[in-house]
Amino acid sequence: MQNNLFIYNTLSKKKEQFKPLHPPFVGIYVCGPTVYSHAHLGHARPAITFDLLFRYLTHLEYRVRYVRNITDVGHLENETLGEGEDRIEKKARQEHLEPMEVVQKYVNTYHRNMDQLNTLSPSIEPRATGHIIEQIELIKILIKNGYGYESNGSVYFDILKYNEKYKYGKLSGRVLEDLISNTRDTEGKDEKRNPFDFALWKKASPEHAMRWPSPWSDGFPGWHLECSAMSIKYLGEVFDIHGGGMDLQFPHHECEIAQSTAALGKESVRYWMHNNMITINGQKMARSLGNFITLDQLFTGNHPVLEQAYSPMTIRFFILQAHYRSTVDFSNEALQAAEKGFLKLMKGIESLKKIKPSDQSTFDIKGFREKCYAALDDDLNSPVLLSHLFDGVRFINSVLDGSEKIDASGLDALKDLFNTFVFDLLGLKDETTGAADDKLMDELMKIIIDLRQEAKNLKQFEVSDKIRKELNNIGITLKDTKDGVSDWEKNPL
RNA sequence: GGUCGGUUAACCGAGUGGCUAGGUAGCGGUCUGCAAAACCGUUUACGGCGGUUCGAAUCCGCCACCGACCUCCA
């Protein structure tokens, strides 16, 4: 169980070699969605980033437990101020649904979209509402340790107390004194001792539907608490990797660190990984800017900023073509380029089947393998991996052109490498409908191609060109080859 | 205002102190009856100004701009 994987740890701001705490086991916790509306483009990024990590660690023969939560309670509209309505409760009220109906509806679409993007299911997908007891127990510990205090039926985390012994803000580079001095309104307008204290438990107002009994009040848990409680439950007090979007660094992950550290007396997470954000035409994606795109809209093209539909694999390829710690900008131009590049990659792999091995090889298969692994080992550098794979595609095409050669064992190895890296690790898949598997279609095309060949032999090019043009109109491309035998393929949608 | 990250050729997007990233688009060529595909070649790349260095797009400083989160204001 050896690895050469380096990952960028947000905590140290450096690439560090990944050494699991208890090999061969690896524990990963990733912040999942709050299920109060459709999954959007922003959800695709962490899902694909950590899917790649999950696939790679599994490929390295680790036994990976990948936990990704579903937030179905406690995420308020204005989390920092601890004000505003619970997002799910609000949606339920607007749509006249039970909160759990809202949750079910959007969990379902989230799962469907994640399947479309070909992300593997996490090992465990725990929900906050399923772990109320664990959260209450964690609050009790925090109160006992002196870091939680009750106020009018709610319980808050005492940031100042925590900061005396530990350092609040180390993940996001914030200094508590600065945060406080930047806040002018510290008057006792609410139940907190300090405006940066965050809720562990909120007392529910009489009309609030989502409520559970607790020693302090009928209420509901604070947003940050679920991740601490569930990661401890399923991955242990100390675990390997915690992932999520960069936007969650502050305050969410900072609060998680504070809770877990205060409860356990030690650091819980060894490697923090954060994926960067997505922009659309250079702007951040926001409902107010009118460029908020759900995954369903993207896959159907049903949105004003979209010139066409983009397939799930086009999106996956596009996201993988950028490094996960860079922002990635969505535009029609960029997506169309990605679509073509992705098809080129798929066609190249398909072409592998046509290669006839020679008795010699002009390809350095060992060097190729090493470069591919080195790319992933370098903080999951998928764009560099893809650039190597495209070099491989050019080689494949050159073999078919006769300018390069590969022997039988090299060919097997090359096929194996493409399978491993493209399908198993990058998680891409061929989306073209299986034209070659359709017997009847094959027979029909053979007849048409034969007839066209006869026309060509008689130099009746108007006829042969017409056949080719008409076929192209219904989505079939004919390709004439040197030896006179025409090939055909279905056009991608 | 605070913290962090970024500014690379037509577009997207990697990267290293000196060696062609890659994809898409354009241009020229090979092949072809013509196409398509493929292959080969190609287009003022590294925000600005200083500094370190034999040598910097890559390190340091300053400036400009962009983004994220937070704050403020609405």
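Please read these numbers as outputs of a predicted model, since none were measured by experiment. All chains are named by letter (A, B, ...) in the order of the sequence lines, taking the proteins before the strands, and each is independently numbered beginning at 1. Note that these values count all heavy atoms, side chains included, but never hydrogens, waters or copies made by symmetry.
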Between A/Met246 and A/Ser398, which is nearer to the 5' end of RNA chain B once each is assigned its nearest nucleotide?
-> A/Ser398
Base paired to B/G61 (Watson-Crick or G-U; both N/O distances under 3.5 angstrom) | B/C49
Checking N1-N3 plus N6-O4 or O6-N4 for Watson-Crick, or N1-O2 and O6-N3 for wobble, each under 3.5 Å, the partner of B/C19 is none
Does the B/C34 base have a donor-acceptor partner in the side chain of A/Arg468 within less than 3.5 Å?
-> yes
Salt bridge flag under 4.0 Å for residues A/Asp442 and A/Lys446 | no
Do other residues, nucleotides or ligands put more than 12 heavy atoms under 6.0 Å from the NZ atom of A/Lys405?
-> no
Between A/Lys366 and A/Glu370, is there a salt bridge with N-O shorter than 4.0 Å?
-> yes
What integer number of Å spans the P atoms of B/G41 and B/U24?
-> 16 Å
Mapping A/Thr279 and A/His388 to their closest nucleotides on RNA chain B, which lands nearer the 5' end?
-> A/His388
Is there a donor N/O on one and an acceptor N/O on the other, under 3.5 Å, for the side chain of A/Arg174 and the base of B/C70?
-> no
Out of B/G33, B/G13, B/G22, which has the shortest distance to the side chain of A/Asp329?
-> B/G13
If we call it a pair only when both distances are under 3.5 Å in a Watson-Crick or G-U wobble match, what pairs with B/C27?
-> B/G41
Think A/Asn397 has a side-chain N or O under 4.0 angstrom from the OP1 or OP2 of B/C39?
-> yes
Side-chain N,O (A/Lys344) to OP1/OP2 (B/U24) below 4.0 Å | yes
May I ask you to establish whether A/Arg68 and A/Phe50 are in a cation-pi arrangement, using a distance under 6.0 Å from NZ or CZ to the six-membered ring centre and at most 45° from the ring axis?
-> no
Please answer whether B/G33 and A/Phe461 are stacked, defined here as ring centres separated by less than 5.5 Å and planes angled under 30°.
-> yes
